[in-house]
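These notes are about the structure you will find just below.
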There are 2 protein chains.
Amino acid sequence: MSIDSSRDAVAGRGVGVGPGAGTPVLPAPSLRGRVTMQQVAAEAGVSISTVSKVINGRYGVSSETVDHVSRVIDRLGYEASLVARSLRNHRTNVIGVLVMDFEPFSTEVLKGVADAIHGSGYELIAYSAGGHVEAREGWERRSLSRLMGSLVDGAVLVTPTVTDVQADGPVVAVDPHTGPSRLPSVAADNLEGARLGVAHLLGLGHTRIGMITGRADLLSAQQREQGYREALAAAGLPVDETLMSSGGFEPELARSAARELLARPEPPTAVFAANDLSALATLEVAAELGLDVPGRLSVMGFDNIPESALADPSLTTVQQPIRRMGEEATTMLLSLIAGEELTEPHRTLATSAVVRGSTAPPRPA
Amino acid sequence: MSIDSSRDAVAGRGVGVGPGAGTPVLPAPSLRGRVTMQQVAAEAGVSISTVSKVINGRYGVSSETVDHVSRVIDRLGYEASLVARSLRNHRTNVIGVLVMDFEPFSTEVLKGVADAIHGSGYELIAYSAGGHVEAREGWERRSLSRLMGSLVDGAVLVTPTVTDVQADGPVVAVDPHTGPSRLPSVAADNLEGARLGVAHLLGLGHTRIGMITGRADLLSAQQREQGYREALAAAGLPVDETLMSSGGFEPELARSAARELLARPEPPTAVFAANDLSALATLEVAAELGLDVPGRLSVMGFDNIPESALADPSLTTVQQPIRRMGEEATTMLLSLIAGEELTEPHRTLATSAVVRGSTAPPRPA
DNA sequence: GTGAAAGCGCTAACAG
DNA sequence: CTGTTAGCGCTTTCAC
């Protein structure tokens, strides 16, 4: 029982032993390395193309051979290499989610994409260039180039800053920072969301509402600021520019901005931050200053990332339906891949206020 | 200015025009499809191998040529295909995170992996076979076979049910359901965690504590049940088997289990669920039944997925350091890839109770 | 210093 | 019904 089958199993190209050349030998030799079609073919005593046909269910193979080869495949635990197959085929049956980094927002989108893809028969690959600093600039184009047209049939691009990419295949952007472009996109209603947020603050009775704005070059930030201004205007309140400060969507900058605002002679009684990260930073600053939230200061965010519920006090914020945005984008993408025309290339989803513990009526003076 | 450069740019193999054959022509022709090295070579008037050498910084190319080719690469926006490169090279510089599905737990692990990978120079690919039902069985082996040894240099396997996989490359399992095997692994201390959780409930004064158990075939589920039994025993309380029901780690099943438990003549005053998803389901059922939580019923989960903080009431739970588990696994994986020996192939991380709003002392009868 | 050619694992013509 | 052949886009000897 010590017949050495490895000679055949490992042999070079196109061994022509022929099927039924003998009784099956030792189970799964698998010397080392991944099992390749080559090895299956050798082990089964057929040609590589026959194995390929069996795997892909192509016609023109006797059911005997199919059975035999299938058995060998099972025994060897063979599974086609995604890479080799992708290189050969134009179609891969894989959807890509391209992100700059895996953080709360993008992973939430990812969940939405996964939800939408269930039962579609597609596989899902999420890719991040690794977040190294050099890779931050233009990651969208780079990632698209590396995966699109070979590994994936289409891609969802999460919060791209650059949207004038020329992808060779279907691409849908989620929350593009520069606004709708030629790329189909899904975004939340930032303008209305900001209005809602500020309206909540106004409804509590606040009249001195400061804002920590986002990155000036991003449309989402501009829209949130615009919503703030409109809500104030609608309430007949003037916009006090000294009550606005830029947080650039970044915790560090936001902290400075919050300090500045709260150090004013007449500080605001409420702060509306352009995103949750900035709001959370404001909470920290308030704690530093010994300012009670929400007793002395109300703080409102935007995004509703999971972390905002964990803050102390928990953050009142404007919620974006992040997960649903991922679902929408995927639905659009699948249509695109199916060759359909998009009736509505830019979808905007509604936002809503989530009231938690960081807002309350202003303390009577 | 209408010189048609597409003839060269599109021409077949190895155009031998030679560098400096004329002034640069029209910008980025890019007729269609992704830009390939072929096109760069043609456009630059050099051979494919020269382009390859330039890209990979190999010696033996004049600095003139390097400059020229680099410029063409930039202009065309060329980026090497991950797939083609993977097929050729053994090393890809990509780490894979293989999951059955992208749900709260696995995405949390993913964040941890991403954290650990920052600055390592690796790229990250997360892969899910799509969660179709047929794919559920043996997804670990299948995914590993499809990606390993070609697309990725190593992989983190999240909550695999099968761990006797023979991967051809470094693999680390996170929270393997069947317990430590030959595969290096990182897991939380399920036994101790369950003890802690039940101890919290006992500390509040509960004596009728039900449990919604997990999937009977999984070690993690068994350990959590074991912890529950031990904690009860330690408090001198008998285990009432009628107060236990299986939720299989799945929301749907958990809902039924919760209904069953709460419909008992003498229902429990507290429920310990084997995972947060089951606890969340229990919360829903309690709401349906008009049962006040935590007034009438205390509910405790296990995992501390982000969603648990968002529930109403927020869920008291046993926290696993999920993100850190991803980090640990990645550190181990990188060592493995670097060819180092693991001093500690199986790491167990501590758990802790996170008290939120879903637990309170039992209402005096 | 540069290019031709082989081949990674796979599929799709096309012959036999 | 089965095998041979030609690549997919890339890297790497090895000639020139």
Side-chain angles (χ1 to χ4, degrees), chain A residues 12-20 33-42 44-69 73 78-93 145-151 168, chain B residues 12-20 33-42 44-69 73 78-93 145-151 168:
Chain A
R13 48 283 246 359
V15 186
V17 182
R34 75 184 313 284
V35 184
T36 150
M37 219 159 89
Q38 183 78 246
Q39 295 170 40
V40 174
V46 297
S47 78
I48 293 186
S49 41
T50 299
V51 177
S52 173
K53 282 172 193 156
V54 170
I55 289 173
N56 296 291
R58 296 280 177 276
Y59 289 118
V61 187
S62 75
S63 57
E64 269 182 6
T65 310
V66 171
D67 279 5
H68 177 229
V69 172
I73 288 175
Y78 169 79
E79 199 72 28
S81 156
L82 186 60
V83 164
R85 184 174 273 181
S86 299
L87 188 57
R88 192 62 235 273
N89 294 350
H90 206 93
R91 191 66 186 271
T92 61
N93 236 42
S145 293
R146 282 171 74 69
L147 301 195
M148 203 64 165
S150 43
L151 228 204
D168 112 87
Chain B
R13 47 287 235 8
V15 185
V17 182
R34 75 185 311 287
V35 184
T36 150
M37 220 159 90
Q38 181 81 244
Q39 295 171 38
V40 174
V46 297
S47 77
I48 293 186
S49 36
T50 299
V51 176
S52 173
K53 282 170 193 156
V54 169
I55 288 173
N56 297 290
R58 298 280 177 274
Y59 289 117
V61 187
S62 75
S63 57
E64 268 182 5
T65 310
V66 172
D67 280 5
H68 177 230
V69 172
I73 289 175
Y78 170 79
E79 200 72 29
S81 156
L82 186 60
V83 165
R85 183 174 274 182
S86 298
L87 189 56
R88 191 64 234 271
N89 295 349
H90 204 93
R91 191 67 187 271
T92 60
N93 236 42
S145 293
R146 283 170 74 70
L147 303 194
M148 203 65 166
S150 43
L151 228 205
D168 111 88

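Being a predicted model, the structure only gives us computed values, none of them experimental. Numbered from 1 within each chain, the chains take letters A, B, ... in sequence-line order.
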Query raised in the report: With a non-hydrogen cut-off below 4.0 angstrom, is Ser52(B) in contact with a base, only sugar-phosphate, or nothing?
Result: base
Is the shortest side-chain N/O distance from [X] to OP1 or OP2 of [N] below 4.0 Å?
X        : N       : result
Ser62(B) : dT2(C)  : yes
Arg58(A) : dA12(C) : yes
Thr36(B) : dC10(D) : yes

Spacing of [X] atom [atom1] relative to [N] atom [atom2], expressed in whole Å:
X         : N       : atom1 : atom2 : value
Ile48(B)  : dA5(C)  : CD1   : P     : 12 Å
Leu151(A) : dC10(C) : CG    : P     : 15 Å
Tyr59(B)  : dT13(D) : OH    : C1'   : 18 Å
Glu64(A)  : dT2(D)  : CD    : C1'   : 14 Å
Glu79(A)  : dC10(C) : CD    : P     : 10 Å
Gln39(B)  : dC8(D)  : CD    : C1'   : 13 Å
Met37(A)  : dC8(D)  : CE    : P     : 18 Å
Leu87(B)  : dG7(D)  : CG    : P     : 17 Å

Looking at [Y], is its backbone amide N or carbonyl O close enough to the side chain of [X] to form a donor-acceptor pair, meaning the two atoms are under 3.5 Å apart?
X        : Y         : answer
Arg34(A) : Glu79(A)  : yes
Thr92(A) : Leu151(A) : yes
Ser52(A) : Ile48(A)  : no

Which one, [options], comes nearest to the side chain of [X]?
X        : options                 : value
Arg34(A) : dG3(D), dC10(C), dG3(C) : dC10(C)
Arg85(A) : dG3(C), dG3(D), dC10(C) : dC10(C)
Ala84(A) : dC10(C), dG3(C), dT2(C) : dC10(C)
Thr65(B) : dC10(D), dT2(D), dT2(C) : dT2(C)
Asn89(A) : dT2(C), dT2(D), dA12(C) : dA12(C)
Ser81(B) : dG9(C), dT2(D), dC10(D) : dC10(D)

Query raised in the report: Asn93(B) and Arg85(B): side chain to side chain contact (heavy atoms under 4.5 Å, CB included), yes or no, with the steps?
Result: CA-CA 11 Å; Asn93(B) 236 42; Arg85(B) 183 174 274 182; over 6 Å; no
**Report entry** Pair of N/O donor and acceptor under 3.5 Å linking dA4(C) base with Ser49(B) side chain
**Finding:** yes
Query raised in the report: Minimum heavy-atom separation for Val35(B) to Tyr78(B), with atom names?
Result: O-CD1, 3.4 Å
